[in-house]
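Atoms within a ligand are numbered from 1 in the order they appear, just like the ligands themselves.
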Amino acid sequence: MALIVQKFGGTSVGTTERIENVADRIGLFRDRGDDIVVVVSAMSGETNRLISLAQSISQKPNEREFDVLLSTGEQVTIALLSMALNKRGYEARSYTGSQVHILTDSAHNKARILDIEEKNLRTDLDKGRVIVVAGFQGVDEDGNITTLGRGGSDTTAVAIAAALKADECQIYTDVDGVYTTDPRVVPEATRLEKITFEEMLEMASLGSKVLQIRAVEFAGKYSVPLRVLSSFDEPNFDDEGANGTLITFEQDGEESEMEQALISGIAFNRDEAKLTILGVPDEPGVAYKILGPIGDSNIEIDMIIQNIGADGTTDFTFTVHRNDLEAAQEVLTNTAQELGAREVIGDDKIVKISIVGVGMRSHAGIASTMFKALAEEGININMISTSEIKISVVVDEKYLELGVRTLHAAFDLAE
Ligand code: ASP
Ligand code: MG
């Protein structure tokens, strides 16, 4: 007997047949006595269809109306799923975000959840009802419908689990958990039984797309036990640990350190580009003069390198999202003129590969293992950055697959 929030993504509810399968699965949990709140996405492809409908009318549709439109996708799924549950003899009630009263700010298309009214949900649960909530949407203070950004249903699920202090938030998707790396790149990648929130956050922000980053942040902040699992596998009630990947909190103590793998996973990101400004005067304030205008243009900077100066000048390199390369290059070219720099070079044929693991905290030598493995394959490293639990390198795009495979092997992640 537990209170479980279960979230089903687009592919898991992509057809009415799949919706019926989801209803069967929920039934198994109900029969066991669990209280269930379900959060669903729109049927797969539906949100994209709605977006193109809007764009056929206007390239920049009114944001409020855009959210009214986008929120309809999830409304279809909650009704169909509730019907399927009712047909099976389970009492179910569907609710839109605004009916639950998922209060958000007014930032249309990327709203943030501020509060969730718990009372109505409790009343239904007490009556033995399965609650089916539309993900990805809420309502602002003035009653306008808002949406939370692509992939936002994960965040809805975690937020509801936090509000209800659920025993677990289960995110059902089309993969059966979080892997040591993308199995499409490394077929020997293995499913992780556990990963810490911090590691998951790094993996998500470094390009692993299993969970929306905001959902992971939210779960970490409110200590919501989170599990990623496949909606195509049978539930395994005998050995819960064998299902999917549990995202946990790091444990202190020697024992847990010994169990801890050094590296949990290899993440990579293809959406990177790098910019170099050559021959800038090596004097105080130069970093600010270069990066200030980039920030003012709302372009996010990731890695930064400044070389040691020679002959009074220095070179400066940083990375941005590939989509921002053109805009950043324009800003930087202006700056170059003002500073009397020699040249600006943009390069979008680069990728970032990262190793992630809390085990790094207590072990030296991880970086040299990484660099040695890459060197042995003749992979040149352009940039390096580190944090307490990750090391990232920028390499040429053509080395992505080789680099990821090499590191996966170097850290024995295949088991
Ligand atoms: N339906 C929305 C999307 O496609 C939200 C979600 O699936 O989480 O982005
Ligand atoms: Mg989704």
Side-chain angles (χ1 to χ4, degrees), residues 5-16 18-19 21-22 37-55 61 63-82 94-100 102 104-105 107-113 116 131-140 145-163 169-175 178 200-201 204-205 207-219 224 226-232 244 247 271 323:
V5 175
Q6 300 186 325
K7 182 260 171 177
F8 294 91
T11 22
S12 308
V13 294
T15 60
T16 49
R18 289 206 173 149
I19 290 175
N21 289 340
V22 166
V37 180
V38 190
V39 174
V40 285
S41 291
M43 295 167 79
S44 58
E46 180 62 11
T47 307
N48 289 340
R49 188 185 72 89
L50 295 169
I51 291 172
S52 49
L53 277 180
Q55 285 174 343
E63 290 187 327
R64 180 187 184 279
E65 305 315 324
F66 195 47
D67 275 351
V68 173
L69 179 70
L70 289 195
S71 68
T72 61
E74 272 71 12
Q75 191 167 339
V76 171
T77 326
I78 55 171
L80 291 172
L81 179 57
S82 301
S94 68
Y95 294 103
T96 65
S98 94
Q99 284 178 309
V100 173
I102 298 178
T104 70
D105 61 19
H108 284 292
N109 310 324
K110 48 174 186 295
R112 289 192 172 258
I113 297 176
I116 293 182
I131 304 174
V132 185
V133 179
F136 171 61
Q137 55 180 266
V139 63
D140 76 1
I145 291 175
T146 54
T147 64
L148 309 180
R150 297 307 303 266
S153 299
D154 289 349
T155 303
T156 306
V158 172
I160 289 181
C169 180
Q170 301 178 340
I171 308 280
Y172 288 92
T173 166
D174 47 359
V175 293
V178 180
M200 191 61 224
L201 210 51
S205 60
S208 157
K209 299 209 167 57
V210 191
L211 279 175
Q212 204 205 23
I213 295 176
R214 270 171 64 190
V216 183
E217 282 169 356
F218 215 103
V224 178
L226 199 59
R227 190 185 290 278
V228 178
L229 57 188
S230 163
S231 59
F232 301 106
I247 300 165
D271 306 326
N323 295 343

Test of proximity, Lys7 against ligand 1: N or O pairs below 3.5 Å = no
Ligand 1 to Thr47 polar contact by distance, N or O atoms, under 3.5 Å | yes
Between the side chains of Gln75 and Thr96, is a donor N or O closer than 3.5 angstrom to an acceptor N or O?
-> no
Side-chain H-bond candidate by donor/acceptor type, Thr146 with Asp67, under 3.5 Å = no
Glu46 side chain to Gly73 backbone, donor-acceptor under 3.5 Å = no
Yes or no: does [X] have any heavy atom under 4.0 Å from an atom of ligand 1?
| X | answer |
| --- | --- |
| Gly151 | yes |
| Gly73 | no |
| Gln212 | no |

Using a strict 4.0 Å cut-off to heavy atoms of [X], name the atoms of ligand 1 that fall inside it.
| X | result |
| --- | --- |
| Phe136 | 2 (C), 5 (C) |
| Ser41 | 6 (C), 7 (O), 8 (O) |
| Arg150 | 3 (C), 4 (O), 9 (O) |

With respect to Ser94, which candidate in Val133, Ile78, Val38 satisfies the side chain to side chain contact (heavy atoms under 4.5 Å, CB included) definition?
-> Ile78
Roughly how far, to the nearest 0.5 Å, is CZ of Arg18 from CG of Leu80?
-> 15.0 Å
Arg214/Glu217 salt bridge by N-O under 4.0 Å criterion = no
